[in-house]
Amino acid sequence: MSLDFLGNLERTHLCGTLRAADAGKPVVVMGWVNRRRDHGNLIFLDLRDRSGICQVVLDRELTPEGHVRGEQVRPEYVVAAVGKVRLRAADAINPKMETGEIEIEATELRVLNDARLAPFSPAEDAIQNEEVRLKYRYVDMRRAEMQRNFRLRHEITRAIRESLSKQGFLEIETPILTKSTPEGARDFLVPSRVHAGEFYALPQSPQIFKQILMISGFDRYFQIARCFRDEDQRADRQLEFTQVDLEMSFPRREHVFGVVEKFLSAAFAAAGVALPTPFPRMTYDESMRRFGSDKPDLRLPGLTDVRPAFTNDALATLQIDPALPVVALRIPGVGELSRKEREDNHPLFDQKKGAKFIDDFKRLAKSFPESAAKVRELTSAAEADFVIVVAGDPAHHIKASDTKFEGRLSEREINVYAAAGNFRTELAKKYADRHGAFRVTEETVEAAHAHGGANAIDGAIDGSRAFHPIWIVDFPMFEYELASAKWVPAHHPFTAPYEADMANLVSDPASVRADCYDLAMNGLELGSGSIRIHRKDVQQQIFASLGISDDEARKRFGFFLDALEYGTPPHGGIALGLDRIVMLLAGAPNMREVVAFPKTAKAIDLMAEAPTTVTEQQLRELHLRVALKS
RNA sequence: GGGGACGUAGCUCAGUUGGUCAGAGCGCUGCCCUGUCACGGCAGAGGUCGCGGGUUCGAGCCCCGUCGUCCCCGCCA
């Protein structure tokens, strides 16, 4: 078919904005054919643009030519409708449409472009086949849900920029082509053409640059920064992602918390959600004990210590390690599970970590009726609640991991808590429909207002329909590496220890706490930051305690160590995952729903078909030769 | 690197114990229809059951391998 030119035609309105008040106005709208309903002499087109949908009527009597065009168009053709807004007859009003009281009586329809039939229609809800969605991302993103997600992302980003600007932060860009930063993940490398055999690294974070900006006297810096980490992906992890990165001079951590709470509640407000401040806090140890995670999801009940429910004899019979935690997790509203259903859940439990579980309470009650009853009592389990006991498995006892330091959770204890915590979140995800606590709906948003966000961290069910931020503090400074019998930093080596713990750096590394902090929300780590080391002597002590020689330090961080010596103010900061913030507010099950062109779990861009091989010529210019191991 | 789920028409799926099992709905194409809005009616097209091998008289179904997508562990502070 022949196509029409746009000519001098000017769009006057967006489809979704037309209302009864516009009746009688001449309009020109442009967009995509969402649906077509052909009644012979009368054709209805649902025309869609980014604002929504409105109905265009093509009447053969009124516009014979327009009617012919209407017969020719197909889904996703791009058209311009010229006509007049008119009120619909009372019995023709569609209350399900925002524009349902009016329609456009067309006098002309220009077909600006045709379209191949897509494998799915943007008029429908999301299809299940994500592979197809990602390959035809341009079609997928026409869907109302995607349009909403990216509008939301824009509003959130804008609110954050405005809040930080108001709080005196300067947005400064840092290099994408740079040097490897000490974040611990694998770097993406970019070969240099000019310098044969040498490589740039893409930043894992602007960490060193932002610290240098503090040395440079900018006092308060932020950046909506793209970061790159070459690690395997997850639902909440992409190879490249966006961080709200900030750093400030002369702060204590409370100042950082204040800044974050301010911009985050501004971001949530932009999405229509009230996020009360200040956010609650919890130590790392407590978070592990109560949730088996350092990014606790407070929407559901935490772990319960049920050690008192069991006698030593009972533990011996059940082959449970009496020296390790015995905890119970409870998923509300799951109801009775058959043996088969329970067994289907078993792969969700991570057994490698020396933990085991009991999910068959009928069987437990047969041998140990009092214990079974006591567990349900301790966990305040209702009839329909699913309860599982998690404990240490003596059969998977690794001797060396017994190493226990005063005042700290041992590795084995952490493993039991983590196994329980992981099982808890996996089951919670699986039974989300039954407990309903993860639903993000208009109701949730309303509830967030009504409940004031539930600062109570006990995960009471009535406060569960909301967003639950929590600061995790008092992380240990070092972790004990069994293999090498050495203390290794739990964070990047510029993280400051508590000033009060500094004296123990060498004598008692186990007791040293780091002045760093995580922000968690609904089971996601939203961000992480710290007060940094600003003194050369402290930095040297840290390197020394980590067994990093001067030479090695110089090689890895030379330019930064130099900079530290030219008048470094005390400073600290944080970085928050923007994608994750948007994900939460969009109620998205994974990050790909809020990233325009994401990569798959195998790190492939299905639309652009990246990565690819390159030409010999390109390799030559980069002084490279590919030698694949086969 | 490891574990798990999935893979049948463009999409969503059904397919029992290996034996009329190549199926449905939606979508698509053609014709008809002046008040639909998930329009309706009639007719029609559309399949290497992801791919390769094996077992069998016979495989969508069983076995082995492989590829792809997703989730998790490792990894990512």
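In what follows, every chain begins at residue 1, and chains take the letters A, B, ... in the order their sequences are listed.
Whole-Å rounding puts the A/Phe423 CZ to B/rG4 P distance at 15 Å. B/rG27 atom C1' lies 15 Å from atom CG of A/Asn129, rounded to whole Å. Note: CZ (A/Arg36) to P (B/rG40) measures 14 Å, nearest angstrom. Summarising the geometry, the separation between CZ on A/Phe188 and P on B/rC76 is reported as 15 Å, rounded to the nearest angstrom. For A/Ile53 and B/rA38, the CD1 to P distance is 10 Å, given to the nearest whole Å. Between A/Asp38 atom CG and B/rU29 atom P the separation is 12 Å, expressed in whole Å.
A/Asn422 comes within contact range of the sugar-phosphate backbone alone, with a heavy-atom separation under 4.0 Å but no base atom that close. Residue contacts for A/Val57: at a heavy-atom cut-off of 4.0 Å it reaches no nucleic acid atom on any strand shown. Contacts of A/Glu103 with the nucleic acid, taken as non-hydrogen atoms under 4.0 Å apart, include base atoms. A/Ala235 comes within contact range of the sugar-phosphate backbone alone, with a heavy-atom separation under 4.0 Å but no base atom that close. Within the nucleic acid shown, A/Arg35 comes within 4.0 Å of sugar-phosphate atoms alone, with no base atom in reach, counting heavy atoms only. A/Arg229 comes within 4.0 angstrom of sugar-phosphate atoms only, judged by non-hydrogen atoms across all strands, and of no base. Residue contacts for A/Arg580: at a heavy-atom cut-off of 4.0 Å it reaches no nucleic acid atom on any strand shown.
The side chain of A/Ala601 lies closest to B/rC70 when the candidates are B/rC70, B/rC28, B/rU12. Closest approach to the A/Gln128 side chain among B/rC76, B/rC13, B/rG74 is made by B/rC13 (side chain taken as heavy atoms from C-beta onward). Here B/rC28 is the nucleotide among B/rC28, B/rC75, B/rC37 with the atom lying nearest to any side-chain atom of A/Leu117. You'll find that the side chain of A/Arg234 is closest to B/rG74, out of B/rG74, B/rC76, B/rC39. Nearest nucleotide to the side chain of A/Arg592, out of B/rC70, B/rU36, B/rC73: B/rC70. Looking at the side chain of A/Lys602, the nearest of the listed nucleotides B/rG68, B/rG1, B/rC72 is B/rG68. In the set B/rU34, B/rC37, B/rC71, the nucleotide with an atom closest to the side chain of A/Lys429 is B/rC71. Residue A/Glu131 has its side chain nearest to B/rU69 when only B/rC37, B/rC72, B/rU69 are considered. Side chain of A/Pro119, nearest nucleotide from B/rG74, B/rG10, B/rA38: B/rG10. Proximity note for A/Thr600 (side chain, C-beta onward) versus B/rC33, B/rU69, B/rC75: the nearest is B/rU69.
Of the C1' atoms belonging to B/rG50 and B/rC70, the separation is 16 Å, rounded to the nearest Å. Look at the P atom in both B/rG46 and B/rG3: the space between them is 42 Å, to the nearest Å. Look at the C1' atom in both B/rA14 and B/rU55: the space between them is 27 Å, to the nearest Å.
Searching all strands for a Watson-Crick or G-U wobble partner of B/rU20 with both distances below 3.5 Å returns nothing. Across every strand in view, B/rA59 sits unpaired, with no contact that passes the Watson-Crick or G-U test at under 3.5 angstrom. When Watson-Crick and G-U wobble pairs are counted only if both distances are under 3.5 Å, B/rC42 pairs with B/rG30. In a base pair of the Watson-Crick type (N1 to N3 plus N6-O4 or O6-N4) or a G-U wobble (N1-O2 and O6-N3), with each distance short of 3.5 Å, B/rG68 is matched with B/rC6.
Not one side-chain nitrogen or oxygen of A/Lys430 sits closer than 4.0 Å to the OP1 or OP2 atom of B/rA5. Remark: A/Arg74 is in phosphate contact with B/rG30, judged by side-chain N or O atoms under 4.0 Å from OP1 or OP2.
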Would you sort out whether A/Phe357 and A/Phe423 count as a ring-ring contact (aromatic ring centres under 6.0 Å, His included), showing the intermediate values? CA-CA 10 Å; A/Phe357 64 91; A/Phe423 208 15; 5.1 Å; yes
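Comparing A/Gln55 and A/Asp294 along RNA chain B, the residue whose closest nucleotide (by nearest heavy atom) sits nearer the 5' end is A/Gln55.
The ring of A/His39 does not lie on top of the base of B/rU36; it is either too far (5.5 Å or more) or too tilted (30° or more). Aromatic stacking is not marked for A/Phe120 over B/rC11, as the cut-offs of 5.5 Å for the centres and 30° for the planes do not both hold.
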Only pairs under 3.5 Å count here: list side-chain donor-acceptor contacts from residues 118-126 of chain A, not counting sequence neighbours, and write none if there are none.
{"from": "A/Ser121", "atom 1": "OG", "to": "A/Ala123", "atom 2": "N", "distance (Å)": "2.9"}
{"from": "A/Glu124", "atom 1": "OE2", "to": "A/Arg35", "atom 2": "NH2", "distance (Å)": "3.4"}

